[in-house]
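So the structure is just underneath, and the comments pick up after that.
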There are 2 protein chains.
Amino acid sequence: MAKSVANLGDVAAAAGVSKSTVSRVLNNKLNNGFSVSVDVRQRVIKIAEQLRYRPNLMARGLTNQRTRMVSVLGGAHALSDMGNIYQTAINSITNVLDNAPGGFDVTVDMSQHAPGTNELPAWKIDGAIILAKCTSQTIEEIKHSGAPYVVINGPADSSGSSVSPDDIGGTELAVQHLIQLGHTRIAYASAPLRHLAGHSSLRDRHDTYVKELNARGLETIKGHEEPFTSAVDYLKSAVITQRATSVITYGHMSALNIMQAAHSLGIAIPRELSLIAFCDEYAASVMSPGLTFIDLGSREMGLIAAEMLLEKIENPEQAQSRNVKIQEKLVFRDTTARPCR
Amino acid sequence: MAKSVANLGDVAAAAGVSKSTVSRVLNNKLNNGFSVSVDVRQRVIKIAEQLRYRPNLMARGLTNQRTRMVSVLGGAHALSDMGNIYQTAINSITNVLDNAPGGFDVTVDMSQHAPGTNELPAWKIDGAIILAKCTSQTIEEIKHSGAPYVVINGPADSSGSSVSPDDIGGTELAVQHLIQLGHTRIAYASAPLRHLAGHSSLRDRHDTYVKELNARGLETIKGHEEPFTSAVDYLKSAVITQRATSVITYGHMSALNIMQAAHSLGIAIPRELSLIAFCDEYAASVMSPGLTFIDLGSREMGLIAAEMLLEKIENPEQAQSRNVKIQEKLVFRDTTARPCR
DNA sequence: TCACTAGGTCCTGTCAAAAGG
DNA sequence: CCCTTTTGACAGGACCTAGTG
């Protein structure tokens, strides 16, 4: 009673030709000196449509060993932070892969895998994109399966490519911007986000802050060493006690907390405090007032990651692994200004 | 040179038994009077591990017509809003399905499908969960494929189940809460979100606001009819001109905008203005001050949706479609208080 | 009854080969 | 023997029915 879906044989029978002919017509295979009469071609196509024929991709994948399926790993933790950069990246990844010749199905794996277990889908995939990180076991599995992979905003070993934002350059831009505006008391507020533990961005942004200030003979503002727990307490210490006139903060969520805290302490932004954060265009666009931010280039990251992956899928032998750094850009808007003191 | 993955035959050869034996051992099939010696069983399992054998699911799916794969559709638009309820729902969906006997792979389809095209993955799936909405063509495809489906926060026709929050009840709770606190001038601020066009929540929340106020002989505050474009202008009209002492707003993003606007207009929350929004626990938890909100129960929605889907997958004949309404709950925190005038 | 296996089945893609002119 | 059009047989990997010693 279950609806039986039409298969190649059904179409062949209905069209009065062999299965091979149907297969070749529908797949447009013109290689081995193959040709069909216009007559047969049209009949086959028409009947396939009538019967709503869709090839059974399990059988297809069984023979040609390709599934045209690309998996995005690490979705569960990467998407847990509100509106973070990975959403934008995923959008551009799907754009590229959807529109690639032949097309790929992009699926995001959302399972929260217990540590030590395998993150790969049970399906054979043609390629993988990893958001920030995955377990070393997963990397092993991917390598063993032979599928190429690209890591976005995280490290890859020699067998895989990576695309990351240049956090060092971005932090330099932020410091330069504030100094050009006339600030000399510049604070750094780190992120309290749990799932970021150990991510290079934490270290890179912080260390560059310290290095840049030291290089210019400026004093760092205490509290930069570790994540703040209360934005109000942080501002009391950094702005009121230590007289910072500007804060560079890890991300848009911490920026939001700092803005709220500044309001409640009666500190005007940007008149009394300049604020700058790392995030992407989308996150910044939904905040008001317009945040001055270091654009991580998430759209570009997704684009490049997808293109590199595509190259490796199409050309497994030839394409080689690369580690690309995306330049971060300063977007000057309403939360930074000359200091008033 | 390409690493060839071990298959059933390889394991069988290495263990010195037949493929059937390996298959049955690994699948624990004890039905048809099948049995194995402890000896063979252990040897097979050990060798399978050594060779890192993983069944080729294409071949498996070919025979038993099940893929143990569940697809979440509508991810692209559902996840575009920062930190919205679907992320939480997806998390509980994956929890349930991962831990189901046998386990399911949950993948979220992220492609932004051109209107009129098919949203289904090319793969046969065992079931689908739809976030808010999908094209009617997709529904047709799912039905034709015979896979069961459940819609979260959206309408389903007779062949599918649905789980939605009770927006009418939730709005009643919000109005009641404000009235109990002593408010009589209650405003409603709708959402400017594009991808929500036509969603029942827009109508339900708005209409219930009007109905509840009318029923109590209270005047509605102008501006409720359509989404605001500028939160500052909205508050000027609703709070300053029309002297509203409280605002019910569509979601956490509009709440955020209103909080920012209130700050910049010098309106203290909750002393001069009470604010209440519809969202889930997670969104509310990252905002400060603690937002009073109507909890949409996204975790529960995901849970129930996954369980209903599971039931239909395991019991295609017996399980019947249901439309479940989740009760919304008021969470009283720091943005609502007695009016001061 | 126990312990195990051969071989057919699912459906598509491919290749060598054959039919028709 | 040519070319064009079409085909049958088989591979691919796991599962299951029927069957063996």
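Chain letters run A, B, ... following the sequence lines, proteins first, then strands; residues in each count from 1.
Across the protein-nucleic acid pair, B/Arg68 atom CZ and D/dC15 atom C1' stand 15 Å apart, rounded to whole Å. Distance A/Met58 CE to C/dG13 P: 13 Å, rounded to the nearest Å. We find that CZ of A/Arg54 is positioned 12 Å from P of C/dT12, with the value rounded to whole Å. Atoms CG (A/Asn64) and P (C/dC11) sit 17 Å apart, rounded to a whole Å. In this structure, A/Leu26 places its CG atom 10 Å from P of C/dT12, rounding to the nearest Å. Going from atom CG of B/Leu8 over to atom C1' of D/dC16 covers 13 Å, rounded to whole Å. Separating the CZ atom of A/Arg60 from the C1' atom of C/dG13 is a distance of 9 Å, rounded to the nearest angstrom.
Enclosure of atom NZ in B/Lys46 is not indicated, since only 12 or fewer non-hydrogen atoms of other residues, nucleotides or ligands lie within 6.0 angstrom.
A/Val40 comes within 4.0 angstrom of sugar-phosphate atoms only, judged by non-hydrogen atoms across all strands, and of no base.
A donor and an acceptor atom, one from each side chain of B/Tyr149 and B/Ser161, are nowhere located under 3.5 Å apart. Of the N and O atoms on the side chains of B/Arg41 and B/Asn28, at least one donor lies less than 3.5 Å from an acceptor on the other residue. Remark: the B/Arg60 side chain and the B/Asn27 side chain contain an N/O donor-acceptor pair separated by less than 3.5 Å. Judged by distance alone, the side chains of B/Asn323 and B/Ser162 do bring a donor and an acceptor atom under 3.5 Å apart.
In terms of phosphate contacts, B/Ser35 brings a side-chain nitrogen or oxygen within less than 4.0 Å of OP1 or OP2 of C/dA3. At D/dG13, none of the side-chain N or O atoms of B/Tyr53 fall inside 4.0 Å of OP1 or OP2 (strictly under the cut-off).
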Can you check nucleotides 5-10 of chain C for protein contacts, nitrogen or oxygen pairs under 3.5 Å, and list what you find?
unit_1	atom_1	unit_2	atom_2	d
C/dT5	OP2	B/Ser18	N	2.9
C/dT5	OP2	B/Ser18	OG	3.0
C/dT5	OP2	B/Thr21	OG1	2.6
C/dT5	O4	B/Arg24	NH1	3.4
C/dA6	N7	B/Ser20	OG	3.4
C/dA6	N6	B/Ser20	OG	3.4

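Using a 4.0 Å cut-off between a side-chain N of Lys or Arg and a carboxylate O of Asp or Glu, A/Lys143 and A/Glu140 qualify as a salt bridge.
The nucleotide whose nearest atom lies closest to any side-chain atom of B/Ser23 is, among C/dC4, D/dC15, C/dT12, D/dC15.
Checking side-chain atoms of A/His199 against main-chain N and O of A/Asn153 turns up a donor-acceptor pair under 3.5 Å.
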